[in-house]
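A note on names: the letters A, B, ... follow the listed sequences, proteins ahead of strands, and every chain is numbered from 1.
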2 protein chains.
Amino acid sequence: MKEDITNILKRNSLSLTASREKILQLFLSNDGALSHGDIEKKAGERFDRVTVYRTLQTFTEKGIIHTIPTADNAVRYALCKDNCSEGHHHDHHVHFICQQCKQTFCLDDVVTPDIKLPRGYALSHIEVVAEGVCRQCKR
Amino acid sequence: MKEDITNILKRNSLSLTASREKILQLFLSNDGALSHGDIEKKAGERFDRVTVYRTLQTFTEKGIIHTIPTADNAVRYALCKDNCSEGHHHDHHVHFICQQCKQTFCLDDVVTPDIKLPRGYALSHIEVVAEGVCRQCKR
DNA sequence: CATAAAAAGCAACAATGTTGCAAAATAGAT
DNA sequence: ATCTATTTTGCAACATTGTTGCTTTTTATG
Ligand SMILES: [Mn+2]
Ligand SMILES: [Mn+2]
Ligand SMILES: [Zn+2]
Ligand SMILES: [Zn+2]
C-alpha cells in the first residue's frame, strides 16, 4: 500500500508529502468515490482545508483522480484506473450513485455509450451518471 | 408569455407571486439552463437569496424544472418540456455543456441510451452530460 | 373587504471555496 | 549529513453559497 502510494506520486513527479500520502491512501482504501467533505472527515490528522483543495486539484490535473458530476453541489472524486495522464483523462466508464447509502461508485466495466448529437455540436467527452440502489443496499 | 407563466403556475396550483413569475420568465426567455447564481444576477429586481432557493426547490418538486448535474459545484436548472409532474420527472434527454461559452443546453431530441448495469444494481434513472463546443461557438 | 394560508424577507448562521503570504518540508546537490 | 532552492503547507482574511427560524407581507378566496 505504502508502496503503491509512493509509486503513484513518483510516477507523476510529485513530491511525497504527508497530506498527499494520506489522501491517496483514503482513495486506495475506499470503495466508492470521495467528496472534499468526506476527505476532511476521514483524514484522522487534520489537514488544512486549503491543502485538501489543492491536493485534489493537483491529482486531477495529473490524471490520478477524476471528477464525477452530481446534482447535489458536491463533486466526487475517484481514482483513475486507466492510465490517465497529465491533462488527459480517458476513463470512459459509467458512475453510479446509490440513493440509499449515498455512495458513488465507478462501474469500471460499463463503458459510456456513443451518443449521436445534432449537427453542429462538437463533442469532446461524455459523462454518464446512473442513480438507483447499489448492490450492498439492495440485498 | 405572461399567459404561459400564469398557466404554468396555475396548473401546478402555485400562487402567483412576483418572484415565481420573474424566475419562470427567465427560464422561458433563456435558451440554456440557469444556475442559482445566474438567476440572482439576471433578475433585475433583487429577490432574497432564500426566496430563489425556495422557488427553485418548489419548481423542481412540481416538475416545472429539472436539475442538471455538473462537476463545477453549480447545479443548473432547466424547464421540463415533457409533462413532468409532482414528484416524477420523466424527461430523458441528454444535456450539453459548452466549454467555451459555459452554457448548458437541453438536447430535447437526444434520448438517453439504455445502459446495462452489472448484476445487483437497481437502476432508477440515468443522466447523460456531454461536453464540447456548442453550435453558436463553433461557427 | 376580511381573513386564513402561503410566501417573502430578514437575520443569523453554517458550510464551502479562494487568495496572498509567511513558515515549513522536500528533493537534490554538494 | 548538511545546505539550499524550490515546493508545499498552514494560516488569516475573505468571498460565495446554502440553511433555518421567525416575522411581515402578499395572495387566494369567500
Ligand atoms: Mn470513475
Ligand atoms: Mn434538460
Ligand atoms: Zn448503497
Ligand atoms: Zn458555446
Show each protein N/O and nucleotides 2-5 of chain C N/O combination with a separation under 3.5 Å, one pair to a line.
none

How close or far is atom [atom2] of [N] from atom [atom1] of [X], stated in whole angstroms?
{"X": "A:Phe59", "N": "D:dT8", "atom1": "CZ", "atom2": "C1'", "value": "12 Å"}
{"X": "A:Leu9", "N": "D:dT8", "atom1": "CG", "atom2": "C1'", "value": "13 Å"}
{"X": "B:Arg54", "N": "C:dA8", "atom1": "CZ", "atom2": "P", "value": "8 Å"}
{"X": "B:Phe47", "N": "C:dA7", "atom1": "CZ", "atom2": "C1'", "value": "12 Å"}
{"X": "A:Asp38", "N": "C:dA15", "atom1": "CG", "atom2": "C1'", "value": "14 Å"}
{"X": "B:Tyr77", "N": "D:dT17", "atom1": "OH", "atom2": "P", "value": "13 Å"}

Closest to the A:Asp48 side chain, choosing from D:dT9, C:dA7, D:dC11: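 Per side-chain heavy atoms of A:Asp48, the pick is D:dC11.
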message: I need the single residue from B:Tyr53, B:Tyr77, B:Phe59 that forms a ring-ring contact (aromatic ring centres under 6.0 Å, His included) with B:His36. Which is it?
response: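 Per the ring-ring contact (aromatic ring centres under 6.0 Å, His included) rule, the option paired with B:His36 is B:Tyr53, out of B:Tyr53, B:Tyr77, B:Phe59.
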- prompt: How about B:Glu127 and B:Thr112: does a side-chain donor come under 3.5 Å of a side-chain acceptor?
  reply: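 Not at all, the side chains of B:Glu127 and B:Thr112 share no donor-acceptor pair under 3.5 Å.
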- request: Would you kindly say whether A:Glu21 and A:Gln25 are connected by a side-chain donor-acceptor distance under 3.5 Å?
  value: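 Result is no, nothing qualifies.
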query: Hey, what's the ring geometry for B:His95 with B:His66, parallel, tilted or perpendicular (30° and 60° as the breaks)?
result: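 Ring orientation of B:His95 relative to B:His66: tilted.
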Stepwise side chain to side chain contact (heavy atoms under 4.5 Å, CB included) check, A:Leu9 with A:Leu24: CA-CA 9 Å; A:Leu9 291 175; A:Leu24 258 186; 3.8 Å; yes
field: Identified side chain to side chain contact (heavy atoms under 4.5 Å, CB included) counterpart of B:Cys137 within the set B:Lys102, B:Gln100, B:Gln103
entry: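 The option that passes is B:Gln100.
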Sugar-phosphate only, base, or nothing, as touched by B:Ser19 at under 4.0 Å among non-hydrogen atoms: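 Sugar-phosphate, backbone atoms only, no base.
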task: Without swapping roles, check the side chain of A:Asp38 against the backbone of A:Ser35 for a donor-acceptor pair under 3.5 Å.
output: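 Such a contact is found between A:Asp38 side chain and A:Ser35 backbone.
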- request: Examine distances only and state if a side-chain atom of B:Arg76 and a backbone atom of B:Thr104 form a donor-acceptor pair shorter than 3.5 Å.
  value: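 Not a single qualifying donor-acceptor pair exists.
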N/O contacts under 3.5 Å, protein versus nucleotides 26-30 of chain D?
unit_1 : atom_1 : unit_2  : atom_2 : d
D:dA28 : OP1    : B:Leu16 : N      : 3.0

Each nucleotide N or O in nucleotides 16-18 of chain C that has a protein N or O under 3.5 Å away: list the pair and distance.
unit_1 : atom_1 : unit_2  : atom_2 : d
C:dG17 : OP1    : B:Asn73 : OD1    : 3.3
C:dG17 : OP1    : B:Asn73 : ND2    : 3.1
C:dG17 : OP2    : A:Tyr53 : OH     : 2.4
C:dG17 : O5'    : A:Tyr53 : OH     : 3.0

task: Go through B:Lys62 and B:Ser13 one step at a time and tell me if the side chain to side chain contact (heavy atoms under 4.5 Å, CB included) criterion holds.
output: CA-CA 9 Å; B:Lys62 287 290 186 177; B:Ser13 35; 4.1 Å; yes
Nearest-0.5 Å distance that lies between atom CE in B:Met1 and atom CD1 in B:Ile5: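 Between atom CE of B:Met1 and atom CD1 of B:Ile5 there are 5.5 Å.
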message: Is there a side-chain contact between B:Ser19 and B:Val52 in this structure, where contact means two heavy atoms from C-beta onward sitting under 4.5 Å apart?
response: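 Contact flag for B:Ser19/B:Val52 side chains = no.
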